[in-house]
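Shown below is the structure under consideration.
Here, residue 1 is the first one in the sequence, and each next residue gets the next number. One-based numbering, in listed order, for ligands and for the atoms of each.
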Amino acid sequence: MTTALSVNLNKVALVRNTRHLGIPSVTRAAALCLEAGAHGITVHPRPDARHIRAQDVRELAALLKDWPQAEFNIEGNPFHNLMDFVRELRPQQVTFVPDSEGQFTSDHGWSFPADAGRLRPLIDECRALGVRVSLFMDADPAAMAAARAVGADRVELYTEPYATDWGTPQQAAVLAQFAAAARAAQAAGLGLNAGHDLSRRNLTDFLRAVPGVQEVSIGHALIADALELGYAATVQDYLRCIDAAAL
Ligand SMILES: CC(=O)[C@@H](O)[C@H](O)COP(=O)(O)O
Ligand SMILES: NCC(=O)COP(=O)(O)O
C-alpha cells in the first residue's frame, strides 16, 4: 500500500484573493498537481472565506469529474458550513475538523466522549450519502476506539506536534506516540490519514515510523515549495518522499 498524496489548495486561494484578477487559479493548480501524479485534492472552505470560497469548491468538484481516479477531500467544521458542501457535491471524503470560525489554523482534534453525541448523526448522514468520513484527531491512542464507535471510517492524525519536534531530541518520542495512535486506530478498524505542517523535510521520517498511513494531505509547505519549483516538480518531489519511506 502506498500513501496517497492529497494536495491542499487553501494557500493558492489565499494569494488569489489579494487581487480581483483570478490568478493564481485554484483549478489550474489542481489540474497541474493531478497531472504530476497527485492522488487527490483537499480544500478547507472556512466560514470566513479567507481562502477557499464556495465557488472554488464547486469548480474543483466539476474538474475532478475528469479525474475519476482522484479523490476530493473537503475539510471543515460540520456544525458550520461543511455539510452544505457534502450534501451538494458528495466528495469521496469529508474530514471533520473542530475549528472555531475565526481560528488562525487547525490546531486540535475532536474530544471524546464530549463530541460523540452531536457528531454521530452528521457522520451517519455523510455515510448514507456515500461519503467517507475522517475525523481530525490528536495522536491519542486512547481516543481511537471512541472515534470508531461514533461511526468514522478514518481518522486524520494532526501532525503539527510531530513537525514541531522533527529534527530535535524529542523526534523519536513523538514518532512513538504517533505510531501508537496509528496502531490503536487500525486495531479499532479505522483507516488512517495524516496532515498539518508536513513537508518535504519531515514526511519520509513520519511515514517510515507510522504504519499504514493511507493518505497525507499537505498544503502550506507544498505550495511554498511550488512557488520555487513549480507545481509539477514539487508534487513529484513529495511523491519521491513518500516512495522513499518504503525503501
Ligand atoms: C485541518 C488542517 O490541518 C488543514 O487542512 C487546514 O486546512 C489548515 O487550514 P489553513 O490552510 O486555513 O491553515
Ligand atoms: N489536513 C491537512 C491539510 O490538508 C493541509 O495542512 P497543511 O499542510 O496546510 O498544514
Close-range residues for ligand 2, whose non-hydrogen atoms fall below the 4.0 Å threshold: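 Those residues closer than 4.0 Å to ligand 2 by some heavy atom are N8, T42, E75, E156, G195, H196, D197, S217, I218, G219, H220.
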Atom 9 (O) of ligand 1: the protein heavy-atom neighbour that sits closest, reported with distance to 0.1 Å: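 Going atom by atom, the protein heavy atom closest to atom 9 (O) of ligand 1 ends up being R46 NH2, 2.9 Å.
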So, the side chain of T159 versus the backbone of G195: is there a donor-acceptor pair under 3.5 Å, distance only? yes
Non-hydrogen atoms of H220 versus ligand 1: any pair closer than 4.0 Å? no
With heavy atoms under 4.0 Å as the rule, classify the contact between F136 and ligand 1 as side chain, backbone, both or neither. side chain
Minimum heavy-atom distance L64-A70, with the two atoms named: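 So the two residues come closest at CD2-CB, 3.8 Å.
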If you look at every heavy atom in S199 and A221, which pair is closest and at what distance? CB-CB, 3.7 Å
Where does N8 meet ligand 1, judged by heavy-atom distances below 4.0 Å: at the side chain, the backbone, both, or neither?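 Just the side chain.
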Of all the non-hydrogen atoms in the protein, which one sits nearest to atom 11 (O) of ligand 1, and at what distance?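 The answer is N10 ND2, 2.8 Å.
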In the protein, what heavy atom is nearest to atom 5 (O) of ligand 1, and what distance, to one decimal place, separates them?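 Protein heavy atom at minimum distance: E75 OE1, 2.4 Å.
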Quick one: does any side-chain atom of Y238 pair with a main-chain N or O of R200 as donor and acceptor, under 3.5 Å? yes
What protein heavy atom is closest to atom 3 (O) of ligand 1, reported as residue, atom name and distance in Å?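 Protein heavy atom with the smallest distance to atom 3 (O) of ligand 1: H196 ND1, 2.5 Å.
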Parallel, tilted or perpendicular: which describes the rings of F206 and Y162, with under 30° parallel and over 60° perpendicular? tilted
Quick check on side chain to side chain contact (heavy atoms under 4.5 Å, CB included): which of V7, N8, L157, I242 does V216 satisfy it with?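 So the option named by the test is I242.
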Could you check atom 1 (C) of ligand 1 against the protein and tell me its nearest heavy-atom contact, residue, atom and distance included?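 Protein heavy atom at minimum distance: S106 OG, 3.2 Å.
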Are E59 and V26 packed together at the side-chain level, in the sense that at least one heavy-atom pair is separated by less than 4.5 angstrom?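 No, side chains not in contact.
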Polar contact flag for K11 and ligand 1 (N/O pairs, less than 3.5 Å): yes
Are the charged groups of D243 and R240 less than 4.0 angstrom apart, N to O?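 Result for this pair is no, no salt bridge flagged.
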Closest contact, heavy atoms only, H108 versus Y158: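 What the structure gives for the nearest pair is N-CE2, 4.0 Å.
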Checking a contact table here: which protein heavy atom is nearest atom 6 (C) of ligand 1, and how many Å away?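 For atom 6 (C) of ligand 1, the nearest protein heavy atom comes out as H44 ND1, 3.4 Å.
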Donor-acceptor pair between E156 and N193 side chains, under 3.5 angstrom: no
Which heavy atom of the protein is the closest neighbour of atom 13 (O) of ligand 1, given with residue, atom name and distance? T105 OG1, 2.5 Å
Atom indices of ligand 1 within 4.0 angstrom of H51 heavy atoms, with elements: 10 (P), 11 (O), 12 (O)
Pair R50 + D48, salt bridge at N-O below 4.0 Å: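 Salt bridge flag = yes for D48 with R50.
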Taking the side chain as every heavy atom from C-beta outward, state whether L60 and L9 have any pair of such atoms under 4.5 Å apart.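 A side-chain contact under 4.5 Å exists here.
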